[in-house]
Amino acid sequence: MYALVDGNNFYVSCERVFRPALNRCPVVVLSNNDGCAIARSNEAKDLGIKMGAPYFQIKHLEVTEGLVALSANFALYGDMSERMMSLAAGLGPEQEIYSIDESFITLHGVRDVTRRAWTIRDRIARGVGIPCGIGIGPTKTLAKLANAIAKDAERKPGSYPAHLARVCNLAELPRLELQAILEQTHVGAVWGIGNRISNQLNEAGIANVWQLTQADLGTIRRRWSVVLERTVRELRGESCIALEDAPPPKKMIACTRSFGQPVEDLGPLIEAVSEYASRAAEKLRRQRGLAGQVQVFAHTSPFRPGPRFSRSIVVPLLRPTADTALIVRSAVDGLRRIYEEGYELIKAGVILLDISDGTIKQNELDLGEASKDRSALYGALDKINMRYGRGTLHLASTGLEPGSARWGMRQERRTPRYTTNIEEIPVARC
DNA sequence: TCTGGGGTCCTAGGACCC
DNA sequence: TCTGGGGTCCTAGGACCC
């Protein structure tokens, strides 16, 4: 048996903890550069604001409807998440943190599951201030579905029986009631079924979850995929997706950003890509991995008229490494190869690929002889950035010498909080 | 004027190789 | 008329998730 604990409208709820005045207002949290809405309060949803709605399209609601739009504060959300997760863990013996606002919990050995779920929900509400929904079912997919039902029952009274609101335990429902609930639930609500497959299922006469559970497995596999077949089995109560208590190491690590303003010239592009590469390398070291390849991409806006540009390149590294200098250099080399003048680029990114486990023989693999110094330097760099904020200190790169890199401090956007003379920092041989 | 940033898995075509 | 078979790598894109 599994539970899924999920914070409601998570980013918005985090903001409301510190600004209770926002409690009954329509609120959205915006992405980087205030580009689009990535979290919405119920009131904002009721105004018809869709997930991912561009800010410029909803801005007028600030005037007409009292909408409050906030810039995202991911450090805050990460912190609130940790507190919520540690309380949620009290629900059962094992926990898988699935995303910033969701965790699966196994329930074997837990007695009086539904009551305990209410208790935990209450603890999170009082201790952290985040309202949660809790779904319970025999498989992860059913727990997810139960969670979706718990939310709908709360938000749209009448959509489901009121006793399923906030905490919904599908496992304790009488068979006929469960069937009725599943018949009321659209296939698109199921974890793993997006818009595309939902439409295809509808065309095939499978509109609700109950119908999907009755479908022939062989047909599902042939017409769609083994992935959908697994989902159907899970909906029938056959557990196919196990709890992952230790997150598997990432197979790719990306750092990508949209620019506030379009960028045309190589210089600023190199600056940006250097910083992304440096951040990606930091994430890589955090999971003690080594990358074998670096991918770089840049593209123009898919929404704006004008000449289109979208290119990417994979640069193989001589040997697997987590060395910021090598990764930055490769990324910049790749960028130079794909770059072309005359395009208004709005986004670029660096993706580390072919990631292997660096805990074995990291020292030998990592570098030549310069590397011992360098890995101490990176350790210090990562610690400083963790303590004083991401990007306090980073590896800079100039457009002047191809592939050159030097240590520098980021000055923009943030009052420097770390004030050592740069000259005192050893210069890496890059 | 203004459209996020991560991830996973799968498929397919072309280049290139033996 | 008719043009191997199998493999890898790269690039691109589609589908899903948060």
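Please read these numbers as outputs of a predicted model, since none were measured by experiment. Labels below follow one simple rule: chain letters A, B, ... track the order of the sequence lines, proteins then strands, and each chain is numbered from 1.
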Watson-Crick or G-U counterpart of C/dC18, or none if no pair lies under 3.5 Å
B/dG5
Does the side chain of A/S301 get closer than 4.0 angstrom to OP1 or OP2 of B/dT3 through an N or O atom?
no
Length of the line joining A/L284:CG and B/dG6:C1', which is rounded to integer Å:
16 Å
Does a side chain donor of either A/S103 or A/Q95 reach within less than 3.5 Å of an acceptor in the other side chain?
yes
Respond yes when some side-chain nitrogen or oxygen of A/K283 is under 4.0 Å from OP1 or OP2 of B/dG6, and no when none is.
yes
Using the benzene-type ring in the case of Trp, are the ring centres of A/F104 and A/W191 under 6.0 Å apart?
yes
Assert: residue with more 5' nearest nucleotide on DNA chain B, out of A/I346 and A/V226, is A/I346
Can you check the A/Y276 OH to B/dG5 C1' distance for me, whole Å?
11 Å
Check the distance between B/dG4's C1' and A/L70's CG and give it to me in whole angstrom.
16 Å
Nearest to the side chain of A/I38, heavy atoms from C-beta on, is which of B/dG4, B/dG5, B/dT3?
B/dG4
Does OP1 or OP2 of B/dG5 have a side-chain N or O of A/S258 closer than 4.0 Å?
yes
Taking CZ from A/F297 and P from B/dG5, how many angstroms apart are they, rounded to a whole number?
9 Å
Heavy-atom side-chain proximity of A/F309 to A/L345 below 4.5 angstrom
yes
Using whole Å, what does the distance between atom C1' of nucleotide B/dG4 and atom CG of A/L30 come to?
10 Å
Between A/M252 and A/G35, name the one whose nearest nucleotide on DNA chain B is closer to the 5' end.
A/G35
Euclidean distance, atom CZ of residue A/F303 to atom C1' of B/dG4 [Å, nearest integer]
10 Å
Whole-Å distance separating the OH atom of A/Y55 from the P atom of B/dG4:
15 Å
With a 4.0 Å cut-off, would you call A/D333 and A/R329 a salt bridge?
no
With heavy atoms under 4.0 Å as the rule, sort A/K347 into base, sugar-phosphate or nothing.
sugar-phosphate
Rounded to whole Å, CZ of A/R257 lies from P of B/dT3 at a distance of 15 Å
Are A/R126 and A/D122 ion-paired here, with the side-chain N under 4.0 Å from a carboxylate O?
yes
Salt bridge check, A/R279 against A/E275: does any charged N sit closer than 4.0 Å to a carboxylate O?
no
Using a 4.5 Å cut-off on heavy atoms from C-beta on, say whether the side chain of A/Q200 contacts that of A/W224.
yes
Produce a footprint string for nucleotides 7-18 of chain C: one letter per nucleotide, 5' end first; B if the base is under 4.0 Å from any protein heavy atom, S if only the sugar-phosphate is, - if neither.
---SSS--SSSS
Inter-nucleotide P distance (B/dG14, C/dG4), Å rounded:
15 Å
